[in-house]
Amino acid sequence: GRGEGQEPHCAAARRVRAPRCAHLRCWGTPSVPPTADRFPRKCGGGCMKEAGYDKWMQEESINVFAAAARSYCALIDVIDQHDSESIFSALERELTALQSGIISVEMGSGADQRIEKPRIGHDAWKALGSRIDAVIGPACWALADSLIRLGGKNKETEDASRARHAWDDFADIYRDLKEGVEMWDLGDAESRAEAQWHWRFGYEHHWGWHLMRAALTVHEVKYYLRSG
């Protein structure tokens, strides 16, 4: 530990007067902090400024997201076991974890060679959607009716349609994430690189849009419809 009044190690840290190095946050990271044996080169003040740290952090980020994707899929797999009261709080937690996790994941380049991706067929996707709708449908339809009344024109609105079809958002998120989870679970570097690309590309071009819609519907059910 540093003595009383001693300056932090790095010049960057001295400027902000913070008890950590601005290069690496080496006085506390979300997971196991880097150590001198893992990142041996140091800046003049002793912090571990090492190019390998960025790779280590990216590995941490994708591992965190893989766990979030698995957790979301696990919830949807047993959605029938939830009631319409508890499911929206659970979905709120899962969607928040997905959003916060994917932001730190880089696209990467995927696998060097073509990998046969698992695909959830339309019939299986439709059956999943029906299971989801059986649990969240009553609240979502009540929300849609409320949004129609709020519009004052007594006709379907874009927001009401979104609420009625919330099952579609959750099922599409599931399909994109589950396909990535199955590739990730193969365990080899090529499959995991492809899963990472699949998740990030899908976030930017497909399931991320569904996530935003789903999160808004969950928020409206919890804090507008049920709050009175």
Side-chain angles (χ1 to χ4, degrees), residues 30 61-105 107 120-181 198-228:
S61 296
I62 187 60
N63 285 331
V64 167
F65 181 76
R70 189 186 308 281
S71 181
Y72 173 84
C73 292
L75 172 64
I76 298 300
D77 282 338
V78 297
I79 195 169
D80 321 75
Q81 299 176 18
H82 288 262
D83 56 47
S84 61
E85 293 296 322
S86 65
I87 190 59
F88 287 96
S89 292
L91 288 170
E92 182 179 40
R93 289 191 298 270
E94 298 297 337
L95 295 176
T96 300
L98 290 173
Q99 176 64 56
S100 62
I102 194 63
I103 292 301
S104 300
V105 174
M107 180 84 73
I120 297 174
H122 180 76
D123 290 344
W125 172 85
K126 190 69 175 178
L128 176 67
S130 296
R131 290 176 48 228
I132 294 171
D133 194 45
V135 179
I136 69 171
C140 290
W141 278 73
L143 172 63
D145 291 342
S146 181
L147 292 171
I148 289 173
R149 291 193 298 272
L150 186 65
K153 297 182 180 180
N154 198 31
K155 65 178 182 179
E156 189 82 354
T157 65
E158 184 176 343
D159 284 336
S161 179
R162 167 180 49 78
R164 292 190 200 281
H165 295 89
W167 64 266
D168 177 275
D169 293 319
F170 289 107
D172 269 18
I173 295 168
Y174 177 94
R175 178 160 60 181
D176 283 4
L177 296 183
K178 185 68 171 180
E179 290 166 358
V181 167
H198 177 82
W199 282 327
R200 181 68 201 200
F201 182 87
Y203 171 72
E204 295 183 12
H205 298 283
H206 184 238
W207 70 265
W209 179 74
H210 285 285
L211 184 145
M212 299 301 176
R213 286 166 49 93
L216 180 56
T217 299
V218 169
H219 190 276
E220 288 175 338
V221 168
K222 286 196 65 179
Y223 305 111
Y224 165 65
L225 180 67
R226 291 180 174 173
S227 67

**OP:** Output all residues satisfying ring pair (Phe, Tyr, Trp, His ring centres under 6.0 Å) with Y174, sequence neighbours left out; order by chain, then residue number.
**Re:**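 Residues passing ring pair (Phe, Tyr, Trp, His ring centres under 6.0 Å) with Y174: none at all.
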Original post:
Quick one: ring pair (Phe, Tyr, Trp, His ring centres under 6.0 Å) partners of W141, sequence neighbours excluded?
Top reply: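 W141 satisfies ring pair (Phe, Tyr, Trp, His ring centres under 6.0 Å) with no other residue.
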Do you know the tightest heavy-atom contact between [X] and [Y]?
X: S61; Y: V105; answer: O-CG2, 3.9 Å
X: W125; Y: I120; answer: N-CG2, 4.0 Å
X: C140; Y: A163; answer: CB-O, 3.1 Å
X: R164; Y: D133; answer: O-OD1, 4.5 Å
X: I148; Y: A160; answer: CG1-CB, 3.7 Å
X: D176; Y: H198; answer: O-NE2, 3.0 Å

Could you state the interatomic distance from [atom1] ([X]) to [atom2] ([Y]), rounded to the nearest 0.5 Å?
X: I79; Y: L91; atom1: CD1; atom2: CG; answer: 5.5 Å
X: I136; Y: T217; atom1: CD1; atom2: OG1; answer: 8.0 Å
X: T96; Y: H219; atom1: OG1; atom2: NE2; answer: 9.5 Å
X: L98; Y: L177; atom1: CG; atom2: CG; answer: 5.5 Å
X: R93; Y: Y72; atom1: CZ; atom2: OH; answer: 14.0 Å

Indicate yes or no: does [X] engage [Y] in a salt bridge with an N to O separation below 4.0 Å.
X: R162; Y: E220; value: yes
X: E204; Y: R200; value: yes
X: D168; Y: K126; value: no

Checking [X] now: which residues fulfil side-chain hydrogen bond (donor to acceptor under 3.5 Å, both in side chains) with it, not counting sequence neighbours?
X: E92; answer: K222, Y223
X: S104; answer: none
X: H210; answer: D169, D172, H206

Original post:
Considering the options V135, L128, I132, which one meets the side chain to side chain contact (heavy atoms under 4.5 Å, CB included) requirement together with W167?
Top reply: I132
Original post:
Are W199 and Y203 near enough that their ring centres are under 6.0 Å apart?
Top reply: no
Less than 4.5 Å apart, side chain to side chain, heavy atoms only: is that true for [X] and [Y]?
X: L75; Y: I87; answer: yes
X: L95; Y: I173; answer: yes
X: Y224; Y: L147; answer: yes
X: K178; Y: D77; answer: yes

Subject >> H165 side chain to S161 backbone, donor-acceptor under 3.5 Å >> reply: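 Yes, the answer is positive, given that a donor and an acceptor are paired below the 3.5 Å cut-off.
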Original post:
Is there a donor-acceptor pair under 3.5 Å between the side chain of S86 and the backbone N or O of H82?
Top reply: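 No: the side chain of S86 does not pair with the backbone of H82.
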Original post:
Pick one: which of W209, F201, W207 meets ring pair (Phe, Tyr, Trp, His ring centres under 6.0 Å) with H205?
Top reply: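 Per the ring pair (Phe, Tyr, Trp, His ring centres under 6.0 Å) rule, the option paired with H205 is F201, out of W209, F201, W207.
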**OP:** Report the C-alpha separation of C73 and R70 in whole Å, then their side-chain angles, then the decisive distance to 0.1 Å, and conclude whether the side chain to side chain contact (heavy atoms under 4.5 Å, CB included) test is met.
**Re:** CA-CA 5 Å; C73 292; R70 189 186 308 281; 5.9 Å; no
**OP:** Sequence neighbours left out, what passes side-chain contact (heavy atoms from CB on, under 4.5 Å) with S130? Give chain and number order.
**Re:** none
